[in-house]
There are 2 protein chains.
Amino acid sequence: MTTDIATGARGRTRKAILDAAVRALAQDPAASLGQIADAADVGRTTLHRYFPDRAELLAAVAQEAGQQLSDAAGRARLDDGPGLDALLRSCQTLLQLGDLLTLMFSEVVSIEACGSELGFTQALDDACARGLADGTLDTRLTAGWVQGVLWSSLYLGWSELREGTTPSHDVVSQLLLTVRKALAAPAD
Amino acid sequence: MTTDIATGARGRTRKAILDAAVRALAQDPAASLGQIADAADVGRTTLHRYFPDRAELLAAVAQEAGQQLSDAAGRARLDDGPGLDALLRSCQTLLQLGDLLTLMFSEVVSIEACGSELGFTQALDDACARGLADGTLDTRLTAGWVQGVLWSSLYLGWSELREGTTPSHDVVSQLLLTVRKALAAPAD
DNA sequence: CCGATATGGCACACGAGTGTTCCACTGGCT
DNA sequence: AGCCAGTGGAACACTCGTGTGCCATATCGG
């Protein structure tokens with residue numbers, strides 16, 4: 001407990017490196033350790049002191065991503081209410097992951113690898129299945145396709161958001177609108 | 001004309017290298033020239049004979065992509081009929097680009113760089129504007145967002161297709177269904 | 001004040017990818 | 001046969017990222 005993972009100087013710089021890694025890798029999936037160290041305002045030596053390998057750094061980033069992912073899923077209350085509403089809520093919370101979304105889509109870290117550990121993937125599957133069963137989702141679509149629409153739309157939203165030219169509110173409203181229209185069961 | 005770009009042995013191996021580059025770079029955006037040469041069943045020396053630089057190879061790939069892109073756009077007849085229908089047609093033709101889509105999304109090749117030259121970007125913009133004006137597209141959406149939905153859905157469809165687990169016909173039908181529902185103007 | 005901890009800079013060795021050069025081989029053509 | 005374009009392989013030098021070790025410096029707590 002004297003050297004906890006989040007205590008004092010060690011914890012602070014560790015987090016700084018991790019954050020910088022997410023930022024730098026999102027901007028360039030092949031960013032060198034030197035670039036990451038620079039982004040963290042840290043010497044490359046120090047980076048190696050915390051993460052001996054590039055692989056270990058990536059693993060730590062993946063773990064961090066998994067944590068954020070399951071936090072966002074928790075905030076979305078995936079188990080509550082109609083399936084479609086749960087998915088739309090998760091759109092909003094997942095959008096806050098920011099650069100982590102870029103990392104998942106550029107496959108620097110795999111969604112399955114860090115999401116499955118904490119049951120996130122399972123919760124999302126369940127929400128899709130529930131939505132197809134409770135009549136809120138279009139049954140002409142596969143559960144897998146529904147998830148795919150969610151992720152690709154999320155990526156689109158984050159791209160627009162990162163661009164900075166569209167106000168955050170407009171992005172969210174257009175995102176929710178298109179996803180709902182695309183996935184909702186037909187009126188008749 | 002004795003040494004045209006597509007004539008005889010030189011043209012054939014050039015095309016083989018280009019195709020292999022698309023394949024290899026789609027699978028791994030950081031593929032080495034050696035890997036590309038292997039994929040083309042060609043010595044690395046030969047590859048350098050055709051494309052002295054890695055940059056030149058990438059430029060050639062981009063040009064090829066631009067050509068394919070504008071061909072697909074032509075087949076989709078972007079200027080004909082209601083805007084929404086034109087976009088749905090382009091979904092189908094663009095899906096045939098295959099690995100080239102992966103290259104565009106992994107930003108090995110930028111859509112703007114190779115698409116703008118041939119007026120493809122312009123034609124797509126026009127189709128979106130026409131759709132918003134003729135009442136086939138949902139006017140609550142931005143033209144930019146409409147294009148974004150098109151591309152991200154296209155990426156989703158190609159991902160499923162490449163996976164190989166879903167039959168081609170099912171992918172196309174789900175793709176067209178979700179895109180149409182997402183972008184179509186509301187019934188009332 | 002002093003020691004422990006954390007950090008930064010520097011230098012080194014190592015491997016991978018790249019671009020170049022040179023030479024040998026094969027095929028088709030006259 | 002000889003010629004020649006096209007090709008493949010080996011060798012080389014160069015760059016860049018990586019991982020390691022060492023030493024000087026700063027900062028915090030006693």
Side-chain angles (χ1 to χ4, degrees), chain A residues 1-64 102-103 106-109, chain B residues 1-64 102-103 106-109:
Chain A
M1 36 131 243
T2 49
T3 42
D4 198 358
I5 200 175
T7 302
R10 288 201 67 84
R12 231 179 312 119
T13 55
R14 184 191 148 92
K15 180 149 187 54
I17 294 175
L18 237 36
D19 288 352
V22 171
R23 240 179 304 136
L25 290 173
Q27 199 221 333
D28 173 17
S32 72
L33 296 182
Q35 291 174 278
I36 296 176
D38 287 350
D41 272 315
V42 150
R44 195 166 63 91
T45 310
T46 303
L47 193 154
H48 273 108
R49 223 170 256 125
Y50 284 81
F51 307 98
D53 264 1
R54 173 176 249 269
E56 293 205 27
L57 174 60
L58 262 59
V61 169
Q63 187 180 339
E64 170 77 9
T102 309
L103 289 195
S106 56
E107 293 179 42
V108 175
V109 302
Chain B
M1 42 143 281
T2 49
T3 43
D4 198 356
I5 200 175
T7 303
R10 289 201 66 84
R12 235 180 309 118
T13 56
R14 185 191 148 92
K15 178 147 190 54
I17 293 175
L18 237 36
D19 288 352
V22 171
R23 243 178 303 136
L25 290 174
Q27 199 221 333
D28 173 17
S32 72
L33 296 183
Q35 291 174 279
I36 295 176
D38 286 349
D41 273 313
V42 152
R44 194 166 62 90
T45 310
T46 303
L47 192 155
H48 274 107
R49 243 190 288 275
Y50 284 81
F51 308 98
D53 263 4
R54 173 177 249 268
E56 294 205 27
L57 174 59
L58 261 59
V61 169
Q63 187 181 337
E64 169 76 9
T102 309
L103 289 194
S106 57
E107 294 178 41
V108 174
V109 161

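These numbers come from the heavy atoms of this one structure, side chains and all, not from hydrogens, waters or symmetry mates. Lettering of chains follows the sequences in order, A, B, ..., and the numbering in each one begins at 1.
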Asker: Got a sec, which residues hit side chain to side chain contact (heavy atoms under 4.5 Å, CB included) with B/Ala60, two or more places apart in sequence or on another chain?
Answerer: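 Expected list: B/Arg14, B/Leu18, B/Phe51.
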Asker: Return the value, rounded to whole Å, for the distance between atom CG of B/Leu47 and atom P of C/dG19.
Answerer: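 Rounded to whole Å, this separation is 10 Å.
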Asker: Under the side chain to side chain contact (heavy atoms under 4.5 Å, CB included) test, which residues partner A/Asp41, sequence neighbours left out?
Answerer: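 With sequence neighbours excluded, A/Asp41 shows a side chain to side chain contact (heavy atoms under 4.5 Å, CB included) to no residue whatsoever.
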Asker: I'd like to check the side-chain hydrogen bond (donor to acceptor under 3.5 Å, both in side chains) partners of A/Thr102; sequence neighbours left out, ordered by chain and number.
Answerer: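 For A/Thr102, the residues satisfying side-chain hydrogen bond (donor to acceptor under 3.5 Å, both in side chains) (neighbours in sequence not counted) are A/Trp158.
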Asker: Could you write nucleotides 18-24 of chain D as a row of B, S and -, 5' to 3', where a protein heavy atom under 4.0 Å of any base atom gives B, of only sugar-phosphate atoms gives S, and otherwise -?
Answerer: BBBB---
Asker: Report each atom pair, protein N/O against N/O of nucleotides 13-16 of chain C, whose distance is under 3.5 angstrom.
Answerer:
none

Asker: Exactly one of A/Arg44, A/Arg49, A/His48 should register a side chain to side chain contact (heavy atoms under 4.5 Å, CB included) with A/Thr46. Which one does?
Answerer: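 That would be A/Arg49; it is the only one of A/Arg44, A/Arg49, A/His48 passing the side chain to side chain contact (heavy atoms under 4.5 Å, CB included) with A/Thr46.
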Asker: Could you check how far CG of A/Asp28 sits from P of D/dG17, rounded to whole Å?
Answerer: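 Going from CG in A/Asp28 over to P in D/dG17 covers 10 Å.
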Asker: Is the distance from OP1 or OP2 of C/dT7 to the nearest side-chain N or O of A/Tyr50 less than 4.0 Å?
Answerer: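 So the side-chain polar atoms of A/Tyr50 do come within 4.0 Å of the phosphate oxygens OP1 or OP2 of C/dT7, strictly under.
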Asker: Could you tabulate the donor-acceptor pairs under 3.5 Å formed by side-chain atoms of residues 19-27 of chain B, not counting sequence neighbours?
Answerer:
none

Asker: Is any side-chain heavy atom of B/Val61 less than 4.5 Å from a side-chain heavy atom of B/Val108?
Answerer: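 No - every pair of side-chain heavy atoms lies 4.5 Å or more apart.
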Asker: Is there side-chain contact between B/Lys15 and B/Glu64, with heavy atoms separated by less than 4.5 Å?
Answerer: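 Sidechains of B/Glu64 and B/Lys15: in contact.
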Asker: Taking 4.0 Å as the cut-off, does a side-chain nitrogen or oxygen of B/Thr13 come that near to OP1 or OP2 on D/dG6?
Answerer: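 Answer no for this pair, as no side-chain N or O of B/Thr13 is under 4.0 Å from OP1 or OP2.
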Asker: Can you confirm whether A/Glu56 is buried at CD, in the sense that more than 12 heavy atoms of other residues, nucleotides or ligands lie under 6.0 Å from that atom?
Answerer: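 Enclosed.
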